[in-house]
Amino acid sequence: EAGVAQSPRYKIIEKRQSVAFWCNPISGHATLYWYQQILGQGPKLLIQFQNNGVVDDSQLPKDRFSAERLKGVDSTLKIQPAKLEDSAVYLCASSLFGRNEQFFGPGTRLTVL
Amino acid sequence: LAKTTQPISMDSYEGQEVNITCSHNNIATNDYITWYQQFPSQGPRFIIQGYKTKVTNEVASLFIPADRKSSTLSLPRVSLSDTAVYYCLVAGADSNYQLIWGAGTKLIIKP
């Protein structure tokens, strides 16, 4: 069974530039999560989708971050414009509906210079 | 704030049994207790989940007392490859199965 796919694995940008991350969850997983993980900290939930609807985006900085899951399968997270403090690993995870077990992708390491 | 409290770090030696205890005083009736493992440069990986008493799988055991206000992850006969960060989380239907992550426990296994 294929795992959660993410791309790119690494990205370096200048501050004020834009960046987008892509995630393809495990087939059949209705729930998709985007997390931000800063070095030395646990993951912080940015947004949770149930199929193509948003369940929770209370911690998403909506002035610069956006995310979509148009067909209820893969998802894109965008940052526009990026700030230095956005440097982190962005993790995508998916799960079956109503389950705690989340499956994580390898993450995208973003460096903002 | 994380719903759980666990030690920041622990050391042990190869071949020993390691127990990591987590406190979750405000656990809800519908919450399950879940543990994840994370290696550097990788996403977290599910280890084990339980609701009460004891759960065992091929890699770990989870002990949960009757009041469910704490839990203990037990790793038998650890090896160097068990060096990682371990996260204890509680979640359930009432919280849309959202996992609120603390800093975890950094476990270092020595030869």
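Numbers restart at 1 for each chain; the letters A, B, ... are given by sequence-line order, proteins then strands. Please read these numbers as outputs of a predicted model, since none were measured by experiment.
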- Most heavy-atom pairs under 4.5 Å with chain A, out of B:Gly43, B:Pro44, B:Ala91, belong to B:Pro44
Under 3.5 Å, what donor-acceptor pairs does chain A form with chain B?
{"residue": "A:Gln37", "atom": "OE1", "partner": "B:Gln38", "partner atom": "NE2", "Å": "2.8"}
{"residue": "A:Gln37", "atom": "NE2", "partner": "B:Gln38", "partner atom": "OE1", "Å": "2.9"}
{"residue": "A:Gln37", "atom": "NE2", "partner": "B:Tyr87", "partner atom": "OH", "Å": "3.3"}
{"residue": "A:Gly42", "atom": "N", "partner": "B:Gly102", "partner atom": "O", "Å": "3.4"}
{"residue": "A:Gln48", "atom": "OE1", "partner": "B:Gln98", "partner atom": "NE2", "Å": "2.9"}
{"residue": "A:Gln48", "atom": "NE2", "partner": "B:Asn96", "partner atom": "O", "Å": "3.1"}
{"residue": "A:Asp56", "atom": "OD2", "partner": "B:Gln98", "partner atom": "NE2", "Å": "2.8"}
{"residue": "A:Asn100", "atom": "O", "partner": "B:Tyr36", "partner atom": "OH", "Å": "3.0"}
{"residue": "A:Asn100", "atom": "ND2", "partner": "B:Gln49", "partner atom": "OE1", "Å": "3.3"}
{"residue": "A:Asn100", "atom": "ND2", "partner": "B:Ala91", "partner atom": "O", "Å": "3.0"}
{"residue": "A:Gln102", "atom": "N", "partner": "B:Tyr36", "partner atom": "OH", "Å": "2.7"}

- Message: Check this for me: A:Lys62, atom NZ, are more than 12 non-hydrogen atoms of other residues, nucleotides or ligands nearer than 6.0 Å?
- Response: yes
- Under 4.5 Å to a heavy atom of chain B? For A:Pro43 that would be both
Do you know which two heavy atoms are closest between [X] and [Y], and how far apart they sit?
| X | Y | value |
| --- | --- | --- |
| A:Ala2 | A:Ile26 | O-CG1, 3.5 Å |
| A:Val4 | A:Cys92 | CG1-O, 3.9 Å |
| B:Ala60 | B:Ile48 | O-CD1, 3.4 Å |
| B:Val55 | B:Gly50 | CG2-CA, 3.8 Å |

- Note on the structure: Exactly one of B:Leu107, B:Ile109, B:Val59 clears side-chain contact (heavy atoms from CB on, under 4.5 Å) with B:Leu75, and that residue is B:Leu107
- Could you tell me whether the side chain of A:Ile79 reaches within less than 4.5 Å of the side chain of A:Leu110, counting heavy atoms only? yes
